[in-house]
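Okay, structure first, notes after.
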Amino acid sequence: MAPALAPGAAVIVVGAGIVGIAAALQLRLAGFEVTLLDRGEPAMETSYGNAGAFAVSDVIPLAEPGVLRKVPGWMLDPLGPLALRWRYLPTLAPWLLRFLAASRPRRVAELTQALAALLGRVNDDYAALIPRAGLSHLWRRHGNLTLYRNQEEFDAAMPAWDDKRRHGVRWQALDRAALSAGEPTLREEWQCAIRVPDWSHVDDPYVFSRGLFDAFLRAGGRFVRDEALATATEAGRCVGVETAGGGRLRADAVVIACGVWSDRFAKQRQYRVPLESERGYHVNLPKAGVALRHFIQCASESFVILPMANGGLRLAGTVELAHRDAPPDWRRAHILLDKARRIVGDFSTEDMTVWMGNRPSLPDTLPIIGPAPQPGLWFATGHGHLGLTLAATTGALLRDMLQGQPPALDMQPYRLSRF
């Protein structure tokens, strides 16, 4: 374990997305002097448009067994649930090879255990932050529903759900009558579902993220809007950050939490971090006029519906592997409209907006949380589609390690050096 910092030590957190904000808040509440640094406004990148879920049942990695046979379909269907941009295949090839290696059954079992360890403490870690930030009214703890058209689809999904149960995920099966009673808006096409009671969501992930940021400021944290160019080194130790506009900001420790852009700082120290963009699209429908109680997942269509305030909906879930600077393919957002109508019927598209964000993805689905080989430098990145879910837990684990306290989890699976 890295040496503990003294009480009141200075820490810079680079990146004001949800992971950086939550980490900064956890560290500030622990008594560190924390500066949150970002070139843009807080929560305005990927954290602005995520699906708003605390996805505590997502314990199985994306590279599940049998994924190899799916790759040709991804390459041939640009509008499928997961698509690859052909022109970026040479760049993505090393990541994809690691992704396929992670799909070996023994490795999947290890990764599932590591994900379950993180996800099993998500609600407790957020429960320590959300009331303090005054955000309890946004936290909807109603569970979620994963929908299936028929018994055949349902039965095919049972091995995965049984595996999840073995890893601590509580769930219950619903037949059509129970499903209709819980969500009368759903169309009759959907005959059964799985409900996860510990799943929760927030009405608006941007408002929620800004609320945590405001709590950080109220607690005495400092925000600096500037671009981090490089970490600063003296006598082999990281001592701060070189910025575009303010010269050097000094600190006793630096935490890199800037999502898909974290690779810049890894490459500067010649660390091998296979970070790629898991590009997600959403459609925002503020005046949809559909009242949903639960967060909805559709297994066969591979997308989700987030119920927002006042009958609004957010549709999300398609994944595209491409360079983070590649132009968006807005068809991937618009196909979500027809998918959603097959679940909740018609709705209003008045004031509709579409969005695309770059989620920082590592091929084994596990984030990096912990120290770098260089003293004073830490990383918290690679959360993929679990950024909002794992933000408070990531912050709590960093807090414990920086204080010199043994974390409650074995941190080896999340170490930077595993690559």
- [ ] Kindly say whether R293 contributes a backbone atom to a donor-acceptor pair with the side chain of E183 at under 3.5 angstrom?
- [x] yes

Open item on the list: Determine whether a donor-acceptor pair (N or O, by modelled atom type, separation under 3.5 Å) exists between the side chain of T146 and the backbone of A299.
Closed with: no

TODO: Determine yes or no for a side-chain-to-main-chain donor-acceptor pair under 3.5 angstrom, with Y281 supplying the side chain and P328 the backbone.
DONE: no

Open item on the list: Holding to salt bridge (Lys or Arg N to Asp or Glu O under 4.0 Å), I want the full list of residues that pass it with R399, two or more places apart in sequence or in another chain.
Closed with: none

TODO: Under the side-chain contact (heavy atoms from CB on, under 4.5 Å) rule, collect the residues that match up with A51, sequence neighbours excluded.
DONE: F295, V304, A316

- [ ] Walk me through it: do H167 and T112 pass the test side-chain hydrogen bond (donor to acceptor under 3.5 Å, both in side chains)?
- [x] CA-CA 8 Å; H167 287 87; T112 300; 5.4 Å; no

Open item on the list: Looking at E33 and R28, is there a salt bridge between them, counting it only when a charged N and a carboxylate O are closer than 4.0 Å?
Closed with: yes

Open item on the list: Treating R314 as the side-chain partner and N50 as the backbone partner, does any N or O pair qualify as donor plus acceptor under 3.5 Å?
Closed with: yes

Open item on the list: Under the rule for side-chain contact (heavy atoms from CB on, under 4.5 Å), what residues qualify as partners of T233, not counting sequence neighbours?
Closed with: R269, Q374

Open item on the list: For H282 and W355, take the angle between the two ring planes, folded into 0 to 90°, and tell me which bin it lands in: parallel under 30, tilted 30 to 60, perpendicular over 60.
Closed with: parallel

Task: salt bridge (charged side-chain N to carboxylate O under 4.0 Å, His left out) partners of residues 124-137, not counting sequence neighbours, each pair once - done: R121-D125

Task: Which residues share a salt bridge (Lys or Arg N to Asp or Glu O under 4.0 Å) with D252, sequence neighbours left out - done: none

Open item on the list: Angle between ring planes, F216 versus F213, binned at 30° and 60°: parallel, tilted or perpendicular?
Closed with: tilted

Open item on the list: According to salt bridge (charged side-chain N to carboxylate O under 4.0 Å, His left out), does anything in residues 215-228 pair up with another residue at least two apart or in another chain? List the pairs.
Closed with: R39-E227, E41-R225, E227-R264

- [ ] Please assess R248 against E234 for the test salt bridge (charged side-chain N to carboxylate O under 4.0 Å, His left out), listing each intermediate value before the final yes or no.
- [x] CA-CA 12 Å; R248 176 176 293 187; E234 292 179 4; 2.9 Å; yes

List the atom pairs, donor and acceptor, that lie under 3.5 Å between side-chain atoms in residues 8-25 and the rest of the protein, sequence neighbours left out.
none

Task: Side-chain (W95) to main-chain (S361) donor-acceptor, under 3.5 angstrom - done: yes

Open item on the list: So which atom in A117 and which in Y414 form the shortest heavy-atom distance, rounded to 0.1 Å?
Closed with: CB-OH, 3.8 Å

Open item on the list: For A322 versus Y88, what's the shortest heavy-atom pair and its separation?
Closed with: CB-CD1, 3.9 Å

Task: Side-chain donor or acceptor of R165 paired with backbone N/O of W171 under 3.5 Å - done: yes

Task: Residue pairs, two or more places apart or on separate chains, that pass salt bridge (charged side-chain N to carboxylate O under 4.0 Å, His left out) and touch residues 402-412 - done: none

Open item on the list: Between T365 (side chain only) and L62 (backbone N and O only), is there a donor and an acceptor less than 3.5 Å apart?
Closed with: yes

TODO: List in chain and number order the residues that pass salt bridge (Lys or Arg N to Asp or Glu O under 4.0 Å) with D325, two or more places apart in sequence or in another chain; answer none if no residue qualifies.
DONE: none

Open item on the list: Applying side-chain contact (heavy atoms from CB on, under 4.5 Å), can you list everything that pairs with P159, at least two apart in sequence or on another chain?
Closed with: none

Task: Donor-acceptor pair, side chain of E64 and main chain of V108, under 3.5 angstrom - done: no

Open item on the list: Show me the pairs that pass salt bridge (charged side-chain N to carboxylate O under 4.0 Å, His left out) and involve residues 355-377, at least two apart or across chains.
Closed with: R107-D364, E278-R359, D364-R418

Task: Contacts of type salt bridge (Lys or Arg N to Asp or Glu O under 4.0 Å), residue K287, not counting sequence neighbours - done: E350, D351

